[in-house]
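Starting from 1, each residue takes its place in the sequence as its number.
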Amino acid sequence: MGKRWVKASDCSDETIAKITEQLNIDRSLAQILVQRNICDYNSAKDFFRPDLDHLHNPFLMRDMDVAIERIEKALATHEKILIYGDYDVDGTTSVALAYSFFSQLTQNIEYYIPDRYLEGYGISTAGIDYASENGFTLIIALDCGIKSIDKIDYANGLRIDFIICDHHIPGDELPKAVAILDPKRSDCEYPFKELAGCGIGFKLAQAYAQKHNLPKETYLQYLDLVMVSIAADIVPVVGENRILAYYGIRKLNTNPCEGLRALMEVSGKTENYTITDVVFTLGPRINAAGRIDHAKHAVAMLLCQIDGNSLEQSVEINLKNIQRKTYDQDITREALALIGDSEILINKKTTVVFNENWHKGVIGIVASRLTEKYYRPTIVLTKSNGLVAGSCRSVAGFDLYEALSGCADLLDQYGGHKFAAGLTMQQHNVDAFADKFEQIVSASITEELLTPMIKIDAEIELSQIDGKFYRVLAQMGPFGPENMAPIFVTHNVYLTQSAMAVGGNHLKINIKQQNSSIFECIGFGLADYQNLLQPKVPFSVCYTIEENIWRDKKRLQLNIKGIKVN
């Protein structure tokens, strides 16, 4: 499927010229900085030199003082503290961080992760009952809890206090917890709103250490965990998150915690990690524990610096990931066959597929794969606990949550946001739901939204790319949402030798312009272009620039995102 190439909006020439001169960099790089709202020397200095001293004071967060006082009381009176978190990467890293930090201060501490299948997302009655039966009087909940009003009331009735550390958007009413740390509270003036759940846990540890004059290392040692949560939870890599990610990646590549080190070893990649590597290599393995078995195994692995059997735990997690991949590939293949065999499904504006035997733990991944293939709002359904459960994914610019709201009469429950959501319904409503969802989406989605987009940051000549250009570009990382790796476009390039298909579906080409060096290029999933590209016929490419390291030799490589034959 061809993609739309959309150029970033124009910026002030005067500002670009000023940044070019002040920083002594290529004008195209200055243009990208201005597009990202880095418009003067000081903001550029902060951007290129992230500084841990620029992290905000944690006590600017609403209720932080109350949370710390309640923890001090628990520690002073030897209360039992339960660290409670969600079963995804953000939840398990949050629990590992908070448990590790507070274990330095008390032995009366445990952690609890709900079972994805038996308890579901968020605070569970079973979790609170576990706390009550085992004498816990304080629960610190991470990456969940902001909407658990009835569950917190239940805990209060059992005389169990809650500190909620969440980053999701609150409802109209807040739970009656002792303290609620969530920068998205309307009454919270914390300057940065986009921390991941683990980031909130980090701020709690930072606040305690700050108040008690503990060395910074007592909480900075967990920066690699915070970075993994930022990468996997797809939060914006700007502001405070960018500082945390910058130092977290550095720690991962130099001195990772034992659990992550062991996971890197079994994954086959042990160095030069980027945010993207974390998303595709470490994140899925940590997630696999909760998808296939129980997420407590992921926390146990991340805590290996305490109990010392890191390799054994990581091998186990890796096996779960291999199992997850098998489920994922099998279900994706079955779902694609369902669509491919039906003219009706192929021609719809939506994808809704159902099989009661599919594994609930991987339907979200399958929904993402189907969205990549057909690029339209997609829902994958399976049977779970007597109901039909679904995982939903959208396309850029289309509000999936709003479309689901229009089908609310056919759903038992639904929740999520614009681009991803979950739902449950009665099985007899599946067909009616699929029809209504198609009707609602068709009425509002445009053909443009059904065509994937490549956002181009700058047009350049190949001759602009040299060592200095790449060094400045690399310092714009770590890349991620709202600070993506810049995509460049270059017109009138030529092959220097025939195009090759490699690895089944990928394209390998060498290109140049009249006055440029030859650049090696890789285009993942672009093998179809092999026969369209001919020597002496000019074409246009859009791409990111990366460093290819092979047997300790480094060279620049273009990662092709799109091709247009002139």
Can a salt bridge be assigned to the pair [X] and [Y] using a cut-off of 4.0 Å between side-chain N and carboxylate O?
X	Y	answer
E258	R261	yes
K147	D166	no
D328	R369	yes

Tell me if the CD atom of E402 is crowded by more than 12 foreign heavy atoms within 6.0 Å.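 No, the 6.0 Å shell around CD holds no more than 12 heavy atoms from other groups.
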
Residue pair [X] / [Y], side-chain heavy-atom distance below 4.5 Å:
X	Y	answer
L214	Y219	no
N559	I545	no
L303	V95	no
V226	L195	no

Test of understanding: with ring-ring contact (aromatic ring centres under 6.0 Å, His included), list the residues that count as partners of H212, not counting sequence neighbours. Y208

Could you tell me which residues satisfy side-chain contact (heavy atoms from CB on, under 4.5 Å) with [X], sequence neighbours excluded, listed by chain and number?
X	answer
A231	I275, V278, V279
D26	S28, L29, Q464, F469
I149	D153, E173, P175

Got a donor-acceptor contact below 3.5 angstrom from the [X] side chain to the [Y] backbone?
X	Y	value
Q221	T218	yes
K193	P183	yes
S267	M264	yes
K561	T544	no
D86	L142	no

For [X], which residues count as a salt bridge (Lys or Arg N to Asp or Glu O under 4.0 Å) partner, sequence neighbours excluded?
X	value
E72	K211
K73	E79
K18	none

I need the minimum non-hydrogen distance between T20 and I16, along with the two atoms involved. OG1-O, 2.7 Å

For Q557 and N548, which heavy atoms make the closest approach, and how far apart are they?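 Nearest pair, atom of Q557 first, then N548: OE1-ND2, 3.1 Å.
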
Please assess Y222 against F202 for the test ring-ring contact (aromatic ring centres under 6.0 Å, His included), listing each intermediate value before the final yes or no. CA-CA 8 Å; Y222 306 118; F202 176 85; 8.5 Å; no

Regarding [X] and [Y], is there a side-chain donor-to-acceptor distance under 3.5 Å anywhere?
X	Y	answer
T371	R393	no
D40	S43	yes
D182	H168	no
D457	Q31	no

Under 6.0 Å between ring centres: does that hold for Y84 and F162? no

How would you list all residue pairs meeting ring pair (Phe, Tyr, Trp, His ring centres under 6.0 Å) that involve [range], not counting sequence neighbours?
range	result
residues 123-149	Y112-Y130
residues 233-283	none
residues 172-191	H56-Y190

Verdict with supporting geometry, I123 and I139, side chain to side chain contact (heavy atoms under 4.5 Å, CB included): CA-CA 10 Å; I123 311 295; I139 297 178; 5.9 Å; no

Over 60° means perpendicular and under 30° means parallel, so tell me whether Y543 and F488 are parallel, tilted or perpendicular.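 Taking F488 first and then Y543, their aromatic rings sit tilted (interplane angle of 30° to 60°).
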
Sequence neighbours excluded, every pair satisfying salt bridge (charged side-chain N to carboxylate O under 4.0 Å, His left out) that has a member inside residues 56-66: R62-D187, D63-R185

Pairwise salt bridge (charged side-chain N to carboxylate O under 4.0 Å, His left out) hits with a residue in residues 233-243, at least two apart: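 Non-adjacent pairs meeting salt bridge (charged side-chain N to carboxylate O under 4.0 Å, His left out): K203-E240.
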
